[in-house]
Peer 1: 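Please read through the structure below; I'll follow up with questions.
These values consider heavy atoms only, across backbone and side chains, with no hydrogens, waters or symmetry-generated copies. By convention here, the first residue in the shown sequence is residue 1. Since the model is a prediction, treat every value here as computed from it, not as a measurement.
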Amino acid sequence: MVTVGVLSLQGGFSEHLSSLRKAADSSAADVHFDFTEVRTPAQLAVCDALVIPGGESTTLSLVAAQSGLIEPLREFVKISRKPTWGTCAGLIFLSEQASATKRGGQELIGGLNVKVHRNHFGRQMESFVTDLDLPFLSQSSSQAAPFPAVFIRAPVVDEMLTDNVKSIGERLEGSIAGSQKPPATAAKVEVLAILPGRHASNRKAAVGDALPVSPGGAGDIVALRQGNVFGTSFHPELTDDTRIHAWWLAQVAAAYR
Ligand code: GLN
């Protein structure tokens, strides 16, 4: 059995739990998953994989600190290298750096060797849903239908903090193999999805221009993976579409097979 925790301090944890359960029920995987809420270091200790939901990353960070979870989370992600997926605020929390708030920095767990720009698209009012191409969901023979991606005060990847980057055009290899445990810093940052530039109107230049994305793929990086750590800027748990949850669970299963 593989135990998948959802950090349940704040934000969309119950939505993630129900999407995960739905995805697991409809999957043909031979692995049995147990899903559980995580609020304490003891609850984290029994998990094989973890989802960090969206919400508000400064609050998430404060509550995690008050709960004594910052160091256990760092150990989970960076030393044990267990599969971990962050959505929106969760992605911010899993980045090595984030654009500063008015009050200064915030404590991050890290794991993704990138800098994210918080609230990239503006305020809550500027939230949107858009059809997003997710090449990683495609089977070799057919392209996956676009994903209804929900962006709510979402971050994007602003800067790579490593040269070890795989652009979206390159074929995905392997899984988030927690069991193989390559040194975290040695794993490539894989760009998994780009939101075309039209949404990046409040930036001087499309972020993708300065980053090694595929030709014609200029835009904002909104999904990425580095070794055991996966991040999405948007909220798959707020839709009925469980393909990303199913994809991630398959990666988790592969890491423990
Ligand atoms: N803007 C939020 C933050 O910076 C994230 C928003 C979200 O998770 N939907 O933490």
Side-chain angles (χ1 to χ4, degrees), residues 4 12 15-31 33 49 51 53-54 83-88 90-91 94 112 121 127-152 154-157 165-177 188-200 206-208 211-255 257:
V4 178
E15 290 85 353
H16 264 299
L17 278 164
S18 62
S19 294
L20 286 166
R21 290 198 171 104
K22 230 165 99 184
D25 286 348
S26 56
S27 113
D30 47 357
V31 173
F33 289 104
V51 174
T84 307
W85 172 19
T87 55
C88 204
L91 161 63
L94 287 168
L112 291 167
F121 303 99
S127 299
F128 58 93
V129 185
T130 188
D131 280 347
L132 187 66
D133 276 330
L134 298 179
F136 65 96
L137 292 181
S138 301
Q139 307 295 336
S140 50
S141 52
S142 64
Q143 196 180 326
F147 195 90
V150 180
F151 289 84
I152 304 170
V156 300
V157 175
V165 176
K166 195 186 233 187
S167 74
I168 197 168
E170 294 178 55
R171 222 171 64 80
L172 266 186
E173 280 159 26
S175 66
I176 46 179
K188 279 194 175 191
V189 176
E190 297 172 284
V191 177
L192 296 185
I194 303 281
L195 181 69
R198 70 197 147 94
H199 285 289
V207 171
L211 294 170
V213 299
S214 61
D220 293 316
I221 295 173
V222 294
L224 74 162
R225 176 170 87 169
Q226 184 173 19
N228 58 309
V229 191
F230 171 50
T232 51
S233 299
F234 51 95
H235 292 268
E237 77 286 5
L238 298 183
T239 69
D240 289 336
D241 195 326
T242 56
R243 283 179 294 163
I244 302 180
H245 287 84
W247 175 85
W248 184 72
L249 285 178
Q251 306 285 305
V252 172
R257 196 156 280 137

Peer 1: Measuring from atom OG1 of T242 to atom CG of L249, what distance do you get when rounded to the nearest 0.5 angstrom?
Peer 2: 9.5 Å
Peer 1: Atom CD1 in I194, atom CG in D133: separation rounded to 0.5 Å?
Peer 2: 11.5 Å
Peer 1: I need the L134 CG to L192 CG distance, nearest 0.5 Å.
Peer 2: 8.5 Å
Peer 1: What class does the angle between the rings of W85 and H16 fall in, given that below 30° is parallel, 30 to 60° is tilted and above 60° is perpendicular?
Peer 2: perpendicular
Peer 1: Closest heavy-atom contact between W248 and P83?
Peer 2: CZ2-O, 3.8 Å
Peer 1: How are the rings of F121 and F128 set relative to one another: parallel (under 30°), tilted (30 to 60°) or perpendicular (over 60°)?
Peer 2: perpendicular
Peer 1: Among V222, V191, I221, find the one that has a side chain to side chain contact (heavy atoms under 4.5 Å, CB included) with V157.
Peer 2: I221
Peer 1: Which heavy atom of A154 sits nearest to which heavy atom of S233, and what is that distance?
Peer 2: CB-O, 3.5 Å
Peer 1: For A23 and H245, work out which heavy atoms get closest and say how close.
Peer 2: CB-CB, 3.8 Å
Peer 1: What distance separates F230 CZ from T84 OG1, expressed to the nearest 0.5 Å?
Peer 2: 12.0 Å
Peer 1: Between P148 and D131, what is the shortest heavy-atom contact and its length?
Peer 2: CA-OD1, 4.2 Å
Peer 1: Which is it for L91 and L224 under the side-chain contact (heavy atoms from CB on, under 4.5 Å) test, yes or no, and what are the steps along the way?
Peer 2: CA-CA 9 Å; L91 161 63; L224 74 162; 3.8 Å; yes
Peer 1: Go through it in stages, so that I can follow the logic: the residues are V150 and E237, the test is side-chain contact (heavy atoms from CB on, under 4.5 Å), and I'd like the CA-CA distance, side-chain angles, deciding distance and then a yes or no.
Peer 2: CA-CA 9 Å; V150 180; E237 77 286 5; over 6 Å; no
Peer 1: Say you draw a straight line from CG of D25 to CG of L20; how long is it, rounded to the nearest 0.5 Å?
Peer 2: 11.0 Å
Peer 1: Ignoring hydrogens and angles, tell me if any N or O in the side chain of T232 forms a donor-acceptor pair with the backbone of T87 under 3.5 Å.
Peer 2: no
Peer 1: Atom CD of Q226 and atom CG of L94: how far apart are they, to the nearest 0.5 Å?
Peer 2: 11.0 Å
Peer 1: Determine, step by step, whether L137 and I244 satisfy the side-chain contact (heavy atoms from CB on, under 4.5 Å) criterion, reporting the C-alpha distance in whole Å, the side-chain angles of both residues, the deciding distance to 0.1 Å, and the verdict.
Peer 2: CA-CA 7 Å; L137 292 181; I244 302 180; 4.2 Å; yes
Peer 1: Counting N and O atoms only, with roles assigned by atom type, does the side chain of R243 sit under 3.5 Å from a partner on the main chain of A144, one being a donor and the other an acceptor?
Peer 2: no
Peer 1: Please answer whether the main-chain N or O of H235 pairs with a side-chain N or O of T239 as donor and acceptor at a distance below 3.5 Å.
Peer 2: no
